[in-house]
Amino acid sequence: MKEIVYADIGITESCNLKCQMCRMYEIPPPKETIPPERWELFFRDMKKISGEGFVFNLPGGEPLLHPDIFRIIRIASDQGLKPLLSTNGFLLNKRTCERLVKSGLFAVTISLDSHLSETHDRIRGVEGVFEKLNRGIRYLHFFSKIYKKEIDVGVQAVIQKTNTGQIKDLVLWVEKNPLINRINLNLLMQPNNTEHNENWFREEFSHLWPDSSVIGMLDEIIELKKSSRAPKLLNDPDQLQSYKIYFRNPESTPKLTRCNYDQAVCTNSTGDIHLCYHYDKIGNIKKDRLIEIWDSDEAENIRKKISKCPITDCWFRLNCLYSA
């Protein structure tokens, strides 16, 4: 049985901000949520395939909008898994942070596109987001000490025109911030759930596409990484080099390493289970057991397709599951 190496467990496509970067989550919310007993079976199976202590991602939209988010985290944590929550940080108030820590959350990744409040708030489309997420980080650390439960706090920035000139300073700002453990840089990409358009960065989203200065900025970040001045930065030099190729020609993304989405589990808010979203689903949480469909004929056929994947403009292998 193949081991799971990556899991992206999407539970909501809805969001509460008006980010200028994307319309990433336009799928209507599901009419009914997935029952807790199905989540328990799903996470029990995930543990059998991945092993205890496996870290998986709960992304959005905004997962804190899901009515059962704390229960889902608790179910996964009770199975010996390590849930990581990806959030824009706007809802990280005192009560929410306490509940996240008590529920057994292992880590949180917060969207932070600049160390300057005016830039970050402008990108995210709502004034005050920067202050709220920083207050949330302080609350998370406070309650982790109160309940003696360590929580790993990271931030993630999307490289785009508005913040290109501030990325290096953001990385250095994180290095000096004792409350933040890591930072990851992501590419600007065509919004999920939108019809494929090879000219997306030239047309509707051209105002977000970085100019040629992005190449020099990435060279500076690569030098920071190589010189060990940015140990909190998760992107390795090879990945950052691939980002340079992407920004020169996003229609043909470089494949410098093997794509291992054949060992990934990705779900959406309706419960559909995929290895990779470019290919058909292999089942649904509401009716299928992961342990039974993981090595099914359908899954094996998709793995064969992934091994010979012809897609050249794939952002997943650069942003989500890049391995050196």
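With hydrophobic clusters built from ILVMFWY side chains whose heavy atoms lie under 4.5 angstrom apart, F106 does not share a cluster with L92. Connection of L234 to L187 is not established within any shared hydrophobic cluster, with ILVMFWY side chains joined at heavy-atom distances below 4.5 Å, either directly or through further cluster members. Note on L116: it does not cluster hydrophobically with L179, by side-chain heavy-atom contacts below 4.5 Å among ILVMFWY residues. Residue L41 is not grouped with residue F54 when hydrophobic side chains (ILVMFWY) are merged at heavy-atom distances under 4.5 angstrom, including chains of intermediate members. Clustering ILVMFWY residues whenever any of their side-chain heavy atoms sit less than 4.5 angstrom apart, transitively, puts V265 in a cluster other than the one holding V55.
Residues H274 and D280 fail the side-chain proximity criterion, which asks for heavy atoms closer than 4.5 Å. Inter-residue side-chain proximity for F201 and F205 is flagged as unmet; no heavy-atom pair is nearer than 4.5 Å. Considering only heavy atoms from C-beta on, I293 stays 4.5 Å or farther from E298 through its side chain. F70 is listed as a side-chain neighbour of T96, based on a closest heavy-atom distance under 4.5 Å. Using a 4.5 Å cut-off on side-chain heavy atoms (C-beta onward), F42 and I34 make no contact. Within the 4.5 Å cutoff, side-chain heavy atoms of W294 are placed close to those of L275. Taking 4.5 Å as the limit, every side-chain heavy atom of L84 sits out of range of all side-chain heavy atoms of V108. By the 4.5 Å heavy-atom criterion applied to side chains, K161 and H207 are not counted as neighbours.
The backbone N or O of E127 sits nowhere less than 3.5 Å from a side-chain atom of D121 that would complete a donor-acceptor pair. Side-chain atoms of K232 come within 3.5 Å of backbone atoms of V174 as a donor-acceptor pair (strictly under, hydrogens ignored). For the pair Q263 (side chain) and E3 (backbone), a donor-acceptor distance under 3.5 Å is present. Without hydrogens or angle criteria, N134 side chain to F130 main chain gives a donor-acceptor distance under 3.5 Å. Side-chain atoms of S77 do not come within 3.5 Å of backbone N or O of I73 as any donor-acceptor pair. When atom types are taken as modelled, the side chain of N88 and the backbone of S111 share no donor-acceptor pair closer than 3.5 angstrom. With hydrogens and angles disregarded, a donor-acceptor distance shorter than 3.5 Å links the side chain of Y243 to the backbone of L185. Without hydrogens or angle criteria, K47 side chain to Q79 main chain gives a donor-acceptor distance under 3.5 Å.
A distance of 10.0 Å separates CG of D152 from NZ of K82, quoted to the nearest 0.5 Å. Taking CG from N184 and OG from S86, the interatomic distance works out to 10.0 Å, rounded to the nearest 0.5 Å. Atom NZ of K225 and atom CD of Q239 lie 10.0 Å apart (nearest 0.5 Å). Taken to the nearest 0.5 Å, the CG atom of L140 stands 12.5 Å off from the NZ atom of K145. Taken to the nearest 0.5 Å, the CG atom of N235 stands 12.5 Å off from the CD atom of Q241. Separating the NE2 atom in H66 from the CD1 atom in I72 is a distance of 4.5 Å, to the nearest 0.5 Å.
Looking at D262 and K304, no side-chain N of the basic residue comes within less than 4.0 Å of a carboxylate O on the acidic one, giving no salt bridge. The pair E40-R44 counts as a salt bridge, with a side-chain nitrogen and a carboxylate oxygen less than 4.0 angstrom apart. The pair R303-E300 meets the salt-bridge criterion, with a side-chain N (NZ, NE, NH1 or NH2) lying under 4.0 Å from an Asp/Glu carboxylate O. Looking at E131 and R138, a side-chain N of the basic residue comes within less than 4.0 Å of a carboxylate O on the acidic one, giving a salt bridge.
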Working for side chain to side chain donor-acceptor pair (under 3.5 Å), residues T119 and N163: CA-CA 7 Å; T119 301; N163 67 0; over 6 Å; no

Between K94 and R135, is a side-chain contact (heavy atoms from CB on, under 4.5 Å) present by the stated rule, with each step listed? CA-CA 9 Å; K94 183 177 181 180; R135 187 183 304 123; over 6 Å; no

Just do the salt bridge (Lys or Arg N to Asp or Glu O under 4.0 Å) check on E98 and R95 with the steps written out, would you? CA-CA 5 Å; E98 182 177 18; R95 176 59 178 152; 3.8 Å; yes

Side chain to side chain donor-acceptor pair (under 3.5 Å) for E62 and T87? Distances and angles first, verdict last. CA-CA 6 Å; E62 176 48 58; T87 173; 3.0 Å; yes

Report the C-alpha separation of Q156 and L112 in whole Å, then their side-chain angles, then the decisive distance to 0.1 Å, and conclude whether the side-chain contact (heavy atoms from CB on, under 4.5 Å) test is met. CA-CA 6 Å; Q156 182 167 279; L112 180 63; over 6 Å; no

side-chain contact (heavy atoms from CB on, under 4.5 Å), that's the test. Do D8 and C266 meet it? Break it down for me. CA-CA 5 Å; D8 219 9; C266 300; 4.1 Å; yes

Any chance you could lay out the ring pair (Phe, Tyr, Trp, His ring centres under 6.0 Å) test for Y246 and W209, step after step, and finish with the verdict? CA-CA 12 Å; Y246 169 84; W209 191 253; 5.7 Å; yes

Given L100 and L64, is the side-chain contact (heavy atoms from CB on, under 4.5 Å) satisfied, shown in steps? CA-CA 10 Å; L100 286 173; L64 288 176; 4.1 Å; yes

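Between Y277 and N268 the shortest heavy-atom distance is OH-N, 3.6 Å. Residues L318 and S242 share a closest heavy-atom pair of CD2-OG, 3.6 Å. Residue I282 comes nearest to A299 through the heavy atom pair CG2-CA, 4.0 Å, listed as atom of the first residue, atom of the second, then distance. Shortest non-hydrogen contact noted between K168 and I221 is CA-CD1, 3.6 Å. The two residues L85 and N57 have their closest heavy-atom pair at C-OD1, 4.5 Å. Between P63 and L58 the shortest heavy-atom distance is CG-O, 3.6 Å.
If you look at F56 and F43, their ring centroids are closer than 6.0 Å.
A donor-acceptor contact under 3.5 angstrom links the side chains of R182 and T109, judged on distance only. In this structure, a donor-acceptor pair under 3.5 Å is absent between the side chains of Q190 and N197. Side-chain contact, S114 with Q166: a donor N or O sits under 3.5 Å from an acceptor N or O.
With I159 as the fixed residue, the side chain to side chain contact (heavy atoms under 4.5 Å, CB included) test singles out one of D113, V214, L188: V214.
In this structure, R202 places its CZ atom where more than 12 heavy-atom neighbours from other residues, nucleotides or ligands lie under 6.0 Å away.
At least one cation-pi condition fails for K305 and Y279: the charged atom is not both under 6.0 angstrom from the six-membered ring centre and inside a 45 degree cone around its axis.
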